[in-house]
Colleague: 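Quick one: the structure is below, questions incoming.
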Amino acid sequence: MTESTSDGFDTTVADRLAAEALIVDVDGFEGPLDLLLSLSRTQKVDLRKVSVLELARQYLAFVDQAKALRIELAADYLVMAAWLAFLKSRLLLPPDPEEEGPSGEDLAAHLAFQLERLQAMRDVAARLMARDQLGRDFFARGVTQQVERVRKIDYTATLLDLMQGYARIRTRDEFRPFVMDRDAVFTMEQALERMRGLIGFAGTWTDISTYMPDGWDVDPVRWRSATASTFAASLELAKEGKVELRQSDTFAPIELRRRDGR
Amino acid sequence: MSDATGTDFEQSLFEAPPMGEQERMVEAILFATAEAVTVKELNDRMPHGSDAAEALVHLRKRYEGRGVNVVRVGDAWAIRTAPDLGFLMQKETVETRKLSRAAIETLAIIAYHQPVTRAEIEEIRGVSVSRGTVDQLLEMEWIRFGRRRMTPGRPVTFVVTQDFLDHFGLESARDLPGLKELRAAGLLENRPPPGTMPQMGEGDVDAEEATEEGQSELFED
Amino acid sequence: MSDATGTDFEQSLFEAPPMGEQERMVEAILFATAEAVTVKELNDRMPHGSDAAEALVHLRKRYEGRGVNVVRVGDAWAIRTAPDLGFLMQKETVETRKLSRAAIETLAIIAYHQPVTRAEIEEIRGVSVSRGTVDQLLEMEWIRFGRRRMTPGRPVTFVVTQDFLDHFGLESARDLPGLKELRAAGLLENRPPPGTMPQMGEGDVDAEEATEEGQSELFED
């Protein structure tokens with residue numbers, strides 16, 4: 001890269017001065033493309049006619065000078081310098097038919113396009129900012145009125161809903177005893193059937209509560225129903241002479257024993 | 001850009017802009033200023049020699065009958081929405097919702113048994129009636145308080161309203177079909193599946209939630 | 001009072017109010033808010049059957065040359081003071097944050113190249129875009145995220161907002177100054193760098209892969 005000053009392109013005094021001014025202001029650049037755009041202005045030509053070769057030379061001179069002045073340049077400036085050195089060699093040497101990849105002209109054209117595009121964006125940005133602006137040149141309403149949001153819920157029901165609702169309640173009433181039969185009532189018939197199967201094993205006195213159906217002792221309603229039916233069934237069996245009953249005291253457990261024989 | 005025209009006005013220091021321009025200025029100032037603006041303030045802001053009071057007369061006339069009007073607020077002026085268009089500043093969203101099952105049942109009991117006390121409703125429904133349900137029906141003006149029952153505690157009774165009759169297209173609550181008719185109409189055969197039966201003693205809310213779906217399934221075609 | 005009229009309108013459910021009334025309503029709604037209102041929102045707020053779009057045509061004409069104008073902002077409408085009267089409003093001017101050069105350039109690139117990815121912005125500017133710059137523009141609600149680009153990595157894109165159009169008095173993104181010339185000059189094309197360009201900024205892969213089809217979808221008619 002150091003050969004850039006000794007390769008026959010002598011920098012003019014004006015160029016050097018411009019480059020120095022740029023270096024002093026290096027922090028003010030928004031990256032290498034911005035720097036290239038600034039350098040291209042020294043050519044004082046339409047960006048479309050800019051000499052990329054000349055631009056590459058100017059940029060490399062700038063980087064050299066920055067180095068000479070021990071100014072730290074950000075990495076992307078150096079990457080651009082390397083790329084421009086490569087581009088410069090491509091542009092200067094006759095094209096090698098063996099070589100693959102884009103030609104130096106293609107690369108130069110793209111760089112010119114990038115510069116032109118960046119400049120164009122700057123121009124329209126300036127035009128945009130020069131427009132009349134809200135709150136500066138034209139104004140919105142000063143008094144704004146909040147739009148109240150009223151949420152109204154409209155409940156509806158039809159006559160059919162009403163009648164069905166009522167029918168549902170009445171229907172439930174009519175059928176409730178039937179539902180309870182299934183649910184919480186242990187009938188005497190059920191108790192008899194259960195006990196007939198069990199008394200064969202009751203050779204000794206046993207509390208009649210042990211004949212209660214399994215699982216009926218949790219719910220007090222079911223417990224009561226089962227107790228009543230089991231008691232009634234015990235009386236029925238005693239009447240039939242199948243069992244004997246005894247109770248030692250009031251409220252004491254009622255006990256039952258199989259009555260042997262006939 | 002805007003400065004150019006501004007400067008024009010300011011240049012003609014001793015010549016007030018034409019009244020049409022002054023009217024435009026008053027219009028812009030009243031539009032953009034957050035508070036009402038006094039005539040003095042208008043004159044101060046407008047080019048020398050302007051007559052804001054006169055401009056206001058014209059502007060006020062121009063906005064007569066429009067969607068916004070130039071109105072006097074104390075000794076100042078402002079542009080305000082025309083009073084008849086206030087409704088546009090309210091965005092009303094109406095949601096139509098089906099009355100909850102608890103509410104429908106409560107309503108049905110009141111309609112069939114009126115006047116009826118809360119305790120009686122609970123007895124018939126087999127579940128307690130939440131305050132919200134009754135309040136909702138009262139608010140909808142489908143039920144109202146009837147005479148107090150002459151029993152211990154003198155409980156209030158509920159009856160249905162004229163609004164209720166209007167809504168359901170009934171001449172009177174007596175026109176409601178009786179149980180026999182309901183059965184004839186096949187309505188009594190519709191029984192919710194056991195899973196969706198409201199459980200005795202559970203809160204209304206649960207019952208509502210549990211049954212909402214099952215109900216519509218049963219009755220929708 | 002206002003309710004009565006409102007109800008009148010609402011009652012005539014299938015009969016829209018006369019166009020003169022509709023114009024008044026649009027006028028009232030636009031006057032009541034600082035933000036631009038879409039035609040859809042106008043129609044939603046006006047009585048059933050109203051045609052806000054037509055009312056707007058009349059209203060816009062009515063305010064031509066007045067101190068305040070009816071302006072289009074994207075697909076919404078607003079009333080704004082005439083730009084030539086800005087000098088009257090010094091009092092109202094709100095000092096806006098000074099945007100950095102980077103922010104202004106980034107904004108311009110987004111406006112003219114939208115939808116555009118961060119990598120594309122970086123490609124155009126030749127430097128990486130700082131997070132703060134994008135954040136600031138997002139916060140000002142001048143830009144927003146557009147659709148993701150259907151290229152590897154599915155990068156997000158940026159587009160300008162309605163607020164942006166409103167702020168710069170643009171009817172649509174098509175009215176950006178110099179847009180036609182830029183397009184004619186081929187400067188809005190996404191020209192991939194030939195071969196071995198140095199990578200500027202990050203994620204150039206996206207920029208390379210980015211196709212032209214995605215570009216300017218906002219500008220298309």
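The analysis underlying the following values was restricted to heavy atoms, covering all of them including side chains, and did not include hydrogens, waters or symmetry mates. Just so it is clear: chains get the letters A, B, ... in the order the sequence lines come, proteins before strands, and each one is counted from 1.
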Colleague: Which pair of non-hydrogen atoms, one from C:Ala108 and one from A:Ala125, has the smallest distance, and what is that distance?
Modeller: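 Heavy atoms only, the tightest pair is CB-CB, 3.5 Å.
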Colleague: At a heavy-atom separation under 4.5 Å, does C:Ala78 approach chain A through its side chain, its backbone, both, or neither?
Modeller: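 C:Ala78 has no heavy atom closer than 4.5 Å to chain A.
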Colleague: Taking C:Arg80 for its side chain and A:Phe139 for its backbone only, find out whether a donor-acceptor pair lies under 3.5 Å.
Modeller: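 No: the side chain of C:Arg80 does not pair with the backbone of A:Phe139.
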Colleague: Does A:Ala126 have any side-chain contact (heavy atoms from CB on, under 4.5 Å) partners at least two apart in sequence or in another chain, and if so, which?
Modeller: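 By the side-chain contact (heavy atoms from CB on, under 4.5 Å) rule, A:Ala126 matches no residue at all.
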Colleague: For the OG atom of C:Ser100 and the CD atom of A:Glu30, what is their distance to the nearest 0.5 Å?
Modeller: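 Output value for this atom pair is 7.0 Å.
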Colleague: Please look at C:Ala82 and chain A and tell me whether the side chain, the backbone, both or neither of the residue comes under 4.5 angstrom of a heavy atom of that chain.
Modeller: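 Answer is backbone: N, CA, C or O of C:Ala82 sit under 4.5 Å from chain A.
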Colleague: Taking the side chain as every heavy atom from C-beta outward, state whether C:Leu176 and A:Val124 have any atom pair closer than 4.5 Å.
Modeller: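 Not touching, per the 4.5 Å side-chain cut-off.
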Colleague: Taking CD in C:Glu141 as the centre, count heavy atoms belonging to other residues, nucleotides or ligands within less than 6.0 Å. Is the count above 12?
Modeller: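 For C:Glu141, atom CD is not crowded (no more than 12 foreign heavy atoms under 6.0 Å).
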Colleague: To the nearest 0.5 Å, tell me how far C:Glu105 CD sits from A:Met121 CE.
Modeller: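 So the gap between those two atoms works out to 10.0 Å.
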Colleague: What closest approach, in Å, do A:Ala120 and C:Leu187 show between heavy atoms, and which atom pair accounts for it?
Modeller: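 Smallest heavy-atom distance, with atoms named: CB-CD1, 3.6 Å.
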Colleague: Among A:Asp76, A:Asp34, A:Leu37, A:Asp123, single out the residue with the greatest number of heavy-atom pairs under 4.5 Å to chain C.
Modeller: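 Ranked by heavy-atom pairs under 4.5 Å with chain C, first place is A:Asp34.
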Colleague: So which heavy atom on C:Phe168 is nearest to which on A:Arg131, and how close?
Modeller: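 Heavy atoms only, the tightest pair is O-NE, 2.7 Å.
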Colleague: Could you look at C:Glu35 and say if it's the side chain, the backbone, both or neither that has a heavy atom under 4.5 Å from chain A?
Modeller: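 Neither part; nothing is under 4.5 Å.
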Colleague: Do you know the tightest heavy-atom contact between C:Pro83 and A:Asp132?
Modeller: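 In this case the closest contact between C:Pro83 and A:Asp132 is CB-OD2, 3.1 Å.
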Colleague: Give me the contact list for residues 61-72 of chain C versus chain A, heavy atoms only, anything under 4.5 Å, ordered by residue number.
Modeller: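 Residues qualifying by a heavy atom under 4.5 Å from chain A are absent, so none.
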Colleague: For chain A, which of C:Ile29, C:Leu170, C:Leu30 has the most heavy-atom pairs under 4.5 Å?
Modeller: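 Going by pairs under 4.5 Å, I would pick C:Leu170.
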Colleague: Report yes if the side chains of C:Met89 and A:Arg136 come closer than 4.5 Å at any heavy-atom pair, otherwise no.
Modeller: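 In short, these two side chains do not touch, never coming nearer than 4.5 Å.
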Colleague: With rounding to the nearest 0.5 Å, note down the distance linking CG in C:Asp84 to CG in A:Asp137.
Modeller: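 If I round to the nearest 0.5 Å, the distance is 10.5 Å.
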Colleague: Roughly how far, to the nearest 0.5 Å, is CZ of A:Arg117 from CD of C:Glu123?
Modeller: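 Between C:Glu123 CD and A:Arg117 CZ, I get 5.0 Å after rounding to 0.5 Å.
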Colleague: Hey, does the side chain of C:Thr81 reach the backbone of A:Phe138 with a donor-acceptor pair shorter than 3.5 angstrom?
Modeller: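 No, the answer is negative, given that no donor and acceptor are paired below the 3.5 Å cut-off.
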Colleague: Minimum heavy-atom separation for A:Leu118 to C:Ile124, with atom names?
Modeller: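 Nearest pair, atom of A:Leu118 first, then C:Ile124: CD1-O, 3.6 Å.
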Colleague: Hey, does the side chain of A:Arg141 reach the backbone of C:Ile79 with a donor-acceptor pair shorter than 3.5 angstrom?
Modeller: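 No, because the side chain of A:Arg141 does not come within donor-acceptor range (under 3.5 Å) of the backbone of C:Ile79.
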Colleague: Give the member of A:Arg122, A:Met129, A:Glu116 that has the highest number of heavy-atom pairs under 4.5 Å with chain C.
Modeller: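 Sorted descending by pairs with chain C, the first entry is A:Arg122.
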